[in-house]
Amino acid sequence: MSNTRSELFKTGAPLPETFSQYFIGQAYLQQLTDKGGPIFNVTFEPGCRNNWHIHHKGGQILLCTEGRGWYQAWGEEPRELHPGDVVTIPPEVKHWHGASKDSWFAHLAVEIPVAGAANEWLESVDDAIYGKLK
Ligand code: MN
């Protein structure tokens, strides 16, 4: 397991319950700006990932900054993520993102500012899916 962290942006505080209930494992949240579209730094401990979810109307952009992680859209193969990778998540696409089993992972989450944008949280990522990922 890699315990060396670059921590490019502040890690922030453990996720509040309003979000952590939709995550497996521990993640941390730091809002970086609230001007324009809000930008958050999200840090996942090894093995941590969020539930399947949908960003309605606005969508989301992930800018990977640290470690090794995964993104998967419903019906697609999981995509391995490294620092410098960009993931553009269109609105209405069911997906999840998080760390790999053996590495911390961090990404900036850019929320596309659209009136009426909302997140819909769904089921957790099955161990049968996550457990197969390296
Ligand atoms: Mn998302």
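Both counts, for ligands and for their atoms, begin at 1 and track the order of listing. Note that this is a predicted model, so its numbers are computed, not measured.
- Between Arg68 and Asp102 there is a salt bridge, with a side-chain nitrogen of the basic residue lying less than 4.0 Å from a carboxylate oxygen of the acidic one.
- Side chains of His53 and Glu120: no donor on one and acceptor on the other come within 3.5 Å.
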Let me see the working for His56 and Glu92 under side-chain hydrogen bond (donor to acceptor under 3.5 Å, both in side chains), right down to the final yes or no. CA-CA 5 Å; His56 289 294; Glu92 316 311 331; 2.4 Å; yes

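- At a threshold of 2.8 Å, the Mn ion (ligand 1) has a backbone or side-chain N, O or S atom of Gln60 nearer than that distance.
- Within a 6.0 Å sphere centred on CD of Glu77, other residues, nucleotides and ligands contribute 12 heavy atoms or fewer.
- When you scan the N, O or S atoms of His55 for the one nearest the Mn ion (ligand 1), you land on NE2.
- When the N, O or S atoms of His97 are ranked by distance to the Mn ion (ligand 1), NE2 comes first.
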